[in-house]
2 protein chains.
Amino acid sequence: MSQGSGNTPPKRPLTLRDVSEASGVSEMTVSRVLRNRGDVSESTRAKVLEAARELGYVPNKIAGALASSRVNLVAVIIPSMSNMVFPEVMTGINDVLEETELQPVVGITNYKPEREEAVLYQMLSWRPSGVIIAGLEHTEAAKAMLGAAGIPIVEIMDTDGEPIDSAVGISHRRAGRKMAQAIIDAGYKRIGFLGTKMPLDHRARKRFEGFTEVLAKAKLEIADSEFYSGGSALKKGREMTEAILKRNEENPLDFLYYSNDMIGAGGLMYCLDNGIDVPGQIGLAGFNGIEFLDGLPRKLATMDACRLEIGRAAAEIIAKRVETPDAPGGEVVTLEPSLAYGDTLKRKKKPI
Amino acid sequence: MSQGSGNTPPKRPLTLRDVSEASGVSEMTVSRVLRNRGDVSESTRAKVLEAARELGYVPNKIAGALASSRVNLVAVIIPSMSNMVFPEVMTGINDVLEETELQPVVGITNYKPEREEAVLYQMLSWRPSGVIIAGLEHTEAAKAMLGAAGIPIVEIMDTDGEPIDSAVGISHRRAGRKMAQAIIDAGYKRIGFLGTKMPLDHRARKRFEGFTEVLAKAKLEIADSEFYSGGSALKKGREMTEAILKRNEENPLDFLYYSNDMIGAGGLMYCLDNGIDVPGQIGLAGFNGIEFLDGLPRKLATMDACRLEIGRAAAEIIAKRVETPDAPGGEVVTLEPSLAYGDTLKRKKKPI
DNA sequence: ACGCGGTATGTTATCGCTAAAAAATTTGAT
DNA sequence: ATCAAATTTTTTAGCGATAACATACCGCGT
């Protein structure tokens, strides 16, 4: 009779049985009501819901998942949270999963392969319904786990390589090539490169490779380069730009290619502050298409990495595969990064 | 005899029993080996590990959690992922939890109370070991759930109010007051405010309240204000600054207080581009202390919101409480936001 | 040989829920 | 009324692990 009106914090956690007793039906029926499954008469449904609400019952998904062997989690494994790009991917993933009953669980690897392996193991031990993981490069053990997991795997950001299952991303090599071509077409000759030291950022590396490849075809090569790690990227961009320009004063560079927009923006500010004519005297370009470039005094040339879109597409693949478990899989979505010339990269010269 | 060398992806998912059979010991012993609990002889330990590795067995935490009623998840509920501040809080949380066996699970509310309630319900149904949730304002239902969950709860970002259990943050009222005082002390009189429209951002509201309160004591009030929503904050800051300055040309403002650094930076750039003397003709200040301010041509005055530190402290509270379950709880950590004058806010005038 | 204090392993009984099958109830056509 | 068909509800068995207890084993002093 006395169920208490939910004011006293219960010492023993509530279970289906409590709701069952409070509403006078079997546990199974309560379970059905709470999951909206199977036919339940309107009257018992109301009774049960009322009792559950009254008690403040929250179903135990651990038990539910074990019993039904259905886990509505999607493991998301990304290198970092602190550089704007992955939060945005996350936003895309969230937007899509919000509409489903799937829920993302995030693991951070800090760009360390062994950390990735450990995080993946942790994640898989929750038996998620799918995995979204950044990059195509993983340890052998990680690849084995992913291959054997028997769930949809989507490798994101990059499509230059062999995916384990599905992949969504852009070709970073192509992005590098495209940018190089635009720079060459605009007539720049002495090109400097500025980027991170991080040797494990495969995507930056691939962009660089594509970039130099096209340069080489035009009988050009990187005239000088500068690398950084840690710290405020904007400030670093400024400092590196100063350093590389000063170092090449007697034979000045006419273009600077930055491996991301933050350092690019720093470089742009340095140029503006020092009265350097952009893009006349020197051209600049970054990578990522981060939103705030819009507010800069001059718009930095960049290439959109389609971050939000990648997140959405990856989540959609997982969602679809969860709905139709025997669909084929292996889908590869290559998004086309669009080049934004902005105000720091001259347009192609008129064909002669 | 033939266990297969793990090359064939098994149709039936692996369980303890498989490892048990492969290694010729009981499931319990396998479990003990895999968790490093209890005494197991070196020889069987080796046998078991070898078998597990060979098979590619990954333990099922769902089952483990149910059996042991220990779930090493920490629910983290935040409003958004897209504005720099929460990713940084997440980084702090991650840094600390990485050292423990706890794992964060993130839910995004998009600043919507009803969404928060739903996300919280989802999260609690995983029976996490703790909850870290942004803000002190929640729906009644959400408060009830948090109160009844029987696990450590840490409300973060804000300490102006009554926490349910523990709290880590800064006093946004105090932050507003402090900034107002600094502005008054510097001798500014006609102050404009620029912020987001978001009526549900309680922390921005509290800063505003503290700010106007101190202004009122000095017989001052906000001379004009401007609000925005959506879009590139940097660009909006620029536009809003232009608008508010133009609108007050005949009786010009001498200070602009921005509710975040992004729009503040936009405003700063507008001023610099238009040859406005900062901080002589007009002073500027933002809020957050985001890293990239370092790279701006002039350093915006701001107040650090201690984001990383908040994340760490919150995670530490949870970790400690998980270790010592009968510790008291109710800990409130109020961090002191430090005022950075930068180059856009004059120092206090010498006392007369 | 006996029994003692260990350590090393195995057994049994849940954990809280859901799938599947069985039972009870209602409906409806004759 | 009557019985088959349809609907609603209950019962029975796990899901894959772990806690707690039970047993087997080992060396060793007497």
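Per chain, numbering begins at 1; letters A, B, ... match sequence-line order. This is a predicted model, so every value here is computed, not measured.
Side chain A/Arg127 to base D/dG16: no donor-acceptor pair is found below 3.5 Å.
Rounded to a whole Å, the CZ atom of B/Arg45 is 12 Å from the C1' atom of C/dA8. Rounded to whole angstrom, the span from the CE atom of B/Met28 across to the P atom of C/dT9 amounts to 13 Å. Atom P of nucleotide D/dG14 and atom CG of B/Leu66 are separated by 17 Å, given to the nearest angstrom. D/dC15 atom P lies 13 Å from atom CG of B/Leu16, rounded to whole Å. Between the CG atom of B/Leu14 and the P atom of D/dC15 there is a distance of 15 Å, rounded to whole Å. When rounded to the nearest whole Å, the span between CG of A/Leu34 and P of C/dC17 equals 9 Å. Rounded to a whole Å, the CD atom of B/Glu27 is 15 Å from the P atom of C/dA13. To the nearest angstrom, P of D/dT9 lies 9 Å from CZ of A/Arg32.
Of the candidates C/dT18, C/dC17, D/dT10, the closest approach to any side-chain atom of A/Ala63 belongs to C/dC17. Minimum atom distance to the side chain of B/Tyr57 is reached by D/dA17, of the listed D/dC15, D/dA17, D/dA19. The side chain of B/Ala67 lies closest to C/dC15, out of D/dG14, C/dC15, C/dT9. Residue A/Arg35 places its side chain closer to C/dA19 than to any other of D/dG14, D/dT10, C/dA19. Of all nucleotides listed (C/dT9, D/dT9, C/dA19), D/dT9 comes nearest to the side chain of A/Val40. For A/Thr15, counting side-chain heavy atoms from C-beta on, the closest listed nucleotide (D/dT9, C/dG16, C/dT11) is C/dG16. When each of C/dC17, D/dC15, C/dG10 is scored by its nearest atom to the side-chain atoms of A/Asn60, the top-ranked nucleotide is C/dC17.
For the residue pair A/His138/A/Glu117, the side-chain donor-acceptor check at 3.5 Å is not satisfied. No donor-acceptor contact under 3.5 angstrom links the side chains of A/Ser41 and A/Arg45, judged on distance only.
Note that the CG atom of A/Leu146 and the CD1 atom of A/Ile133 stand 5.0 Å from one another [nearest 0.5 Å]. Between the CD atom of B/Glu323 and the CG atom of B/Leu102 there is a distance of 9.0 Å, given to the nearest 0.5 Å.
Residue contacts for B/Arg37: at a heavy-atom cut-off of 4.0 Å it reaches no nucleic acid atom on any strand shown. Backbone-only contact: A/Ser68 has heavy atoms under 4.0 Å from sugar-phosphate atoms and none from a base. Nucleic acid contact for B/Asp39: base, since at least one base atom lies under 4.0 Å from a heavy atom of the residue. Residue contacts for A/Ser41: at a heavy-atom cut-off of 4.0 Å it reaches the sugar-phosphate backbone alone, with no base atom in range.
Distances shorter than 4.0 Å separate none of the side-chain N or O atoms of B/Thr44 from OP1 or OP2 on C/dA8. For the OP1/OP2 pair of C/dT9 and a distance below 4.0 Å, the side-chain nitrogens and oxygens of B/Thr29 include no atom meeting the criterion.
When A/Ile156, A/Ile132, A/Thr109 are each tested for a side-chain contact (heavy atoms from CB on, under 4.5 Å) with A/Ile77, only one passes: A/Thr109.
Of the possible donor and acceptor atoms, one in the side chain of B/Asp201 sits under 3.5 Å from a partner among the backbone N and O of B/Arg203.
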